[in-house]
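Heads up: the structure comes next, in structure tokens.
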Amino acid sequence: MKQESADQSTPPPSLSPAPSAQPSREDGDPQALWIFGYGSLVWKPDFAYSDSRVGFVRGYSRRFWQGDTFHRGSDKMPGRVVTLLEDREGCTWGVAYQVRGEQVGEALKYLNVREAVLGGYDTKEVTFYPQDAPDQPLTALAYVATPQNPGYLGPAPEEVIATQILACRGFSGHNLEYLLRLADFMQLCGPQAQDEHLEAIVDAVGTLLPCSYLPEQPLALI
Ligand SMILES: N[C@@H](CCC(=O)N[C@@H](CS)C(=O)NCC(=O)O)C(=O)O
């Protein structure tokens with residue numbers, strides 16, 4: 001699933017902040033960039049940033065349809081991680097991180113390895129709506145695994161996805177941790193943030209692990 005690393009140390013021209021899409025910046029930093037996270041980036045960005053906002057993107061649904069043979073799985077037992085599926089009715093909650101100045105190149109260089117080279121993700125421009133100011137949308141960069149990438153697994157019944165998640169681990173930890181940290185984030189976002197696909201997989205995990213207790217309250221993992 002490894003991809004040739006493209007030179008992604010500078011943002012695509014289309015992401016040069018358009019004045020209408022970006023709040024005014026005190027220092028007029030032309031290199032400021034927003035990066036939208038909706039999977040592990042939600043709890044583990046692992047790059048320096050200047051600001052972060054909880055919010056959502058419209059027109060996409062989150063799905064555990066990307067295979068992962070490095071972070072949460074292996075070549076023999078690929079784990080499942082999330083990608084975005086274009087869906088006119090879809091809405092996906094996550095976190096947008098603002099990187100500025102030298103942070104931009106450092107973040108893009110790091111994410112190119114973590115997401116593109118190791119994860120099979122491509123970059124895509126999305127419109128992000130901050131939870132606290134949905135009338136002031138931001139242009140952001142998202143990492144999306146398309147069906148054309150070699151690690152793409154595609155749709156499967158949530159029970160099958162849960163079974164796969166329970167059986168896999170990789171260099172970043174168990175696939176179940178990935179699922180539960182994302183579920184925790186969604187619980188913290190509040191009742192307006194729903195993700196039926198994620199909830200169905202967590203429920204299926206609870207059914208498959210009758211001995212385990214999945215608390216109603218967030219696990220406070222993040
Ligand atoms: N691009 C999505 C998904 C990112 C994601 O989960 N990528 C995997 C790569 S396959 C990763 O970084 N995993 C690190 C981990 O599982 O701790 C996001 O914005 O969060």
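Since the model is a prediction, treat every value here as computed from it, not as a measurement. Counting convention: from 1, in listed order, for ligands and their atoms alike.
At distances below 3.5 Å, at least one donor-acceptor pair connects side-chain atoms of Q66 with backbone N or O atoms of G119.
Of all the atoms in ligand 1, the ones that sit under 4.0 Å from a non-hydrogen atom of Y38 are 1 (N), 2 (C), 18 (C), 19 (O), 20 (O). Residue contact check: F36 has heavy atoms under 4.0 Å from atoms 19 (O) of ligand 1. Close approach to G37 involves these atoms of ligand 1, each under 4.0 Å from a residue heavy atom: 19 (O). For ligand 1, the atoms sitting less than 4.0 Å from at least one non-hydrogen atom of L41 are 18 (C), 19 (O), 20 (O), numbered in the order shown with element in parentheses.
For the atom pair CZ of F128 and CD1 of I35, the computed distance is 12.5 Å after rounding to the nearest 0.5 Å.
The distance criterion of under 3.5 Å between nitrogen or oxygen atoms is not met by V81 with respect to ligand 1. For ligand 1, none of its N or O atoms has an N or O atom of V42 under 3.5 Å away.
Two rings, from F47 and Y97, have their centers less than 6.0 Å apart.
With distances taken over non-hydrogen atoms, the option nearest atom 3 (C) of ligand 1 out of F70, Y121, Y97, W43 is Y121. When R72, E115, H71 are ranked by how near their heavy atoms come to atom 7 (N) of ligand 1, first place goes to E115.
Around atom CD of E196, no more than 12 heavy atoms belonging to other residues, nucleotides or ligands sit under 6.0 Å away.
Of the residues listed (D195, V95, L84, L182), the one engaging Y38 in a side chain to side chain contact (heavy atoms under 4.5 Å, CB included) is L84, and it is the only one.
Salt-bridge annotation for K124 and D122: absent, with no side-chain N of the basic residue lying under 4.0 Å from a carboxylate O of the acidic one.
Judged purely by distance below 3.5 Å, without hydrogens or angles, the side chains of S40 and R114 pair a donor atom with an acceptor atom.
When heavy-atom distances to ligand 1 are checked against a 4.0 Å cut-off, Q66 has no atom that comes that close, whether in backbone or side chain. Only the side chain of D68 comes within 4.0 Å of ligand 1, judged by heavy-atom distances. At a heavy-atom distance under 4.0 Å, atoms from both the backbone and the side chain of S40 approach ligand 1.
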I'd like to know whether Y121 forms a ring pair (Phe, Tyr, Trp, His ring centres under 6.0 Å) with Y143, so could you lay out the CA-CA distance, the side-chain angles of the two residues, the decisive distance to 0.1 Å, and finally the verdict.
CA-CA 5 Å; Y121 289 79; Y143 287 82; 7.5 Å; no
